[in-house]
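See below for the structure under consideration.
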Amino acid sequence: MSQFPDEQVLQDQLAALATTHPSFPYPWNDLESFLHEAQMDALPLVGYGSLINQASAGRTINTDESAKRQAVAAYGAIRVFNYRMPERFLHERYGSTEENKVAALNCEATGNASDAFNGILSHVARQHLPALREREKHYSLKPCLYTPWDAPSDSAEVAYFFELLPNAAIPDHPYDPTVLPHSDYTDICRTGAAAISPDFLNFFDHTTLLADKQTTLASYLGLPNAQ
């Protein structure tokens, strides 16, 4: 992405989000009524991990033309490998795994316009929300701003992303600042990003952090230091 929107304009818009677009703690009890009152037929959702991969996303949500999948840059959060996948899920989905390499992605809201991540914007129809709830257990929905990946100077719009809070009471798979990225899950995310463009994958690798919030995925994988 060659340029970013005006940071001060984004910062002002992010500050106003809380008054116009509520957050929805899991299981998003008021989401359908909010969409109805806002006269929205679908939830605008920025998928930042495995949902970038169209084949993976298609297991639970609509990925056809009606979903209007679009590559975007989103602002106001950081993307971090600090979600410990539940053991049952690991065995069912991936089989065996390397010790401590059990982390999937999380996004943490910061409210800072300088914090950016890329992803795929989908419009999740109301009838697909139950399946999305089942897939994304314990994640809250938080508002963010986004611009099209190929037109970052366009006016920012509002969408939602998933956030797992550090103090979430999840006995079987808590937030964990020590875990490392799960290798197969990481490959799914990166394959999805590469399908968009080399620049999209490069930005993904260099804006994704490990659980220490210091090490980038690019550094962890030994990739060239470029963005």
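Below, all heavy atoms of this structure are taken into account, side chains as well, without hydrogens, waters or symmetry copies.
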**Message:** In terms of relative ring orientation, are Phe203 and Trp149 parallel, tilted or perpendicular, with 30° and 60° separating the classes?
**Reply:** perpendicular

**Asked** Which heavy atom in Asn106 sits nearest to a heavy atom in Phe162, and how many Å separate them?
**Response** OD1-O, 4.2 Å

**Request:** For Glu108 and Glu163, work out which heavy atoms get closest and say how close.
**Result:** CA-OE2, 3.4 Å

**Whether His138 and Tyr26 hold their rings parallel, tilted or perpendicular, with breakpoints at 30° and 60°** = tilted

**Asked** If you measure only the distance, is there a donor-acceptor pair under 3.5 Å linking the side chains of Tyr75 and Thr147?
**Response** yes

**Prompt:** Heavy-atom distance under 4.5 Å between the side chains of Ile120 and Ile196, does that happen here?
**Reply:** yes

**Prompt:** Less than 4.5 Å apart, any side-chain heavy atom of Tyr220 and any of Phe81?
**Reply:** no

**Asked** Checking Thr20 side chain against Leu17 main chain: does a donor-acceptor pair fall under 3.5 Å?
**Response** yes

**Message:** Is there a path of hydrophobic side-chain contacts, each under 4.5 Å between heavy atoms, that joins Leu201 and Leu221?
**Reply:** no

**Message:** Give me the atom names and distance for the closest heavy-atom approach of Ala156 to Gln13.
**Reply:** CB-OE1, 3.8 Å

**Message:** Once rounded to the nearest 0.5 Å, what's the spacing between atom CG of Asn82 and atom CG of Leu180?
**Reply:** 12.0 Å

**Salt bridge Glu136-Arg133, side-chain N to carboxylate O under 4.0 Å** = no

**Complete:** In this structure, SG of Cys144 is separated from CG of Asp115 (nearest 0.5 Å) by 12.0 Å

**Message:** What I'd like to find out is whether the side chain of His36 reaches to under 4.5 Å of the side chain of Arg126, using heavy atoms alone.
**Reply:** yes

**Request:** For Asp212 and Thr215, indicate whether the former's side chain and the latter's backbone hold a donor-acceptor pair under 3.5 Å.
**Result:** yes

**Complete:** Value for NE2 (His123) from CG (Asp41), rounded to nearest 0.5 Å, stands at 10.5 Å

**Prompt:** Do Leu217 and Arg190 have side chains that get closer than 4.5 Å, going by heavy atoms?
**Reply:** yes

**Asked** Linking I/L/V/M/F/W/Y whenever their side-chain heavy atoms sit closer than 4.5 Å, directly or via other members, would Leu129 and Met40 fall into one cluster?
**Response** yes

**Request:** Supply the atom-to-atom distance Arg79 CZ to Cys107 SG, rounded to the nearest 0.5 angstrom.
**Result:** 6.5 Å

**Asked** Are Tyr139 and Ile78 grouped together when hydrophobic residues (ILVMFWY) are joined by side-chain heavy atoms under 4.5 angstrom apart?
**Response** no

**Message:** I need the minimum non-hydrogen distance between Pro44 and Val158, along with the two atoms involved.
**Reply:** CG-O, 4.0 Å

**Message:** Are the side chains of Arg84 and Asn100 in contact, using a 4.5 Å heavy-atom criterion?
**Reply:** yes

**Request:** For residues Leu105 and Cys189, determine if any side-chain heavy atom of one lies less than 4.5 Å from a side-chain heavy atom of the other.
**Result:** yes

**Request:** Is it possible for you to say whether Val46 and Trp28 belong to one hydrophobic cluster, with membership spreading through side-chain heavy-atom contacts below 4.5 Å?
**Result:** yes

**Item:** Pair Thr216-Leu209, side chain to side chain contact (heavy atoms under 4.5 Å, CB included): steps then yes or no
**Value:** CA-CA 4 Å; Thr216 65; Leu209 300 175; 4.1 Å; yes

**Message:** Using side-chain hydrogen bond (donor to acceptor under 3.5 Å, both in side chains), reason through Ser50 and Arg135 one step at a time and then give a plain yes or no.
**Reply:** CA-CA 11 Å; Ser50 60; Arg135 174 181 175 135; 3.1 Å; yes

**Asked** Is any side-chain heavy atom of Leu141 less than 4.5 Å from a side-chain heavy atom of Leu45?
**Response** yes

**Prompt:** Would a distance-only check, ignoring hydrogens and angles, find a side-chain to backbone donor-acceptor pair under 3.5 Å from Thr191 to Ile188?
**Reply:** no

**Request:** Compare every heavy atom of Val80 with every heavy atom of Ala211, then report the nearest pair and how far apart it is.
**Result:** CA-CG1, 3.9 Å

**Request:** Any chance you could measure Asp6, atom CG, to Ser153, atom OG, to the nearest 0.5 Å?
**Result:** 11.5 Å

**Request:** With rounding to the nearest 0.5 Å, note down the distance linking CG in Asn53 to OH in Tyr185.
**Result:** 10.5 Å

**Taking every non-hydrogen atom, the tightest pair across Asn118 and Ile52** = O-CD1, 4.1 Å

**Prompt:** Would you call the rings of Tyr160 and Phe34 parallel, tilted or perpendicular if under 30° counts as parallel and over 60° as perpendicular?
**Reply:** perpendicular

**Request:** Anything under 30° is parallel, anything over 60° is perpendicular, the rest tilted; go ahead and classify Tyr48 against Phe117.
**Result:** perpendicular

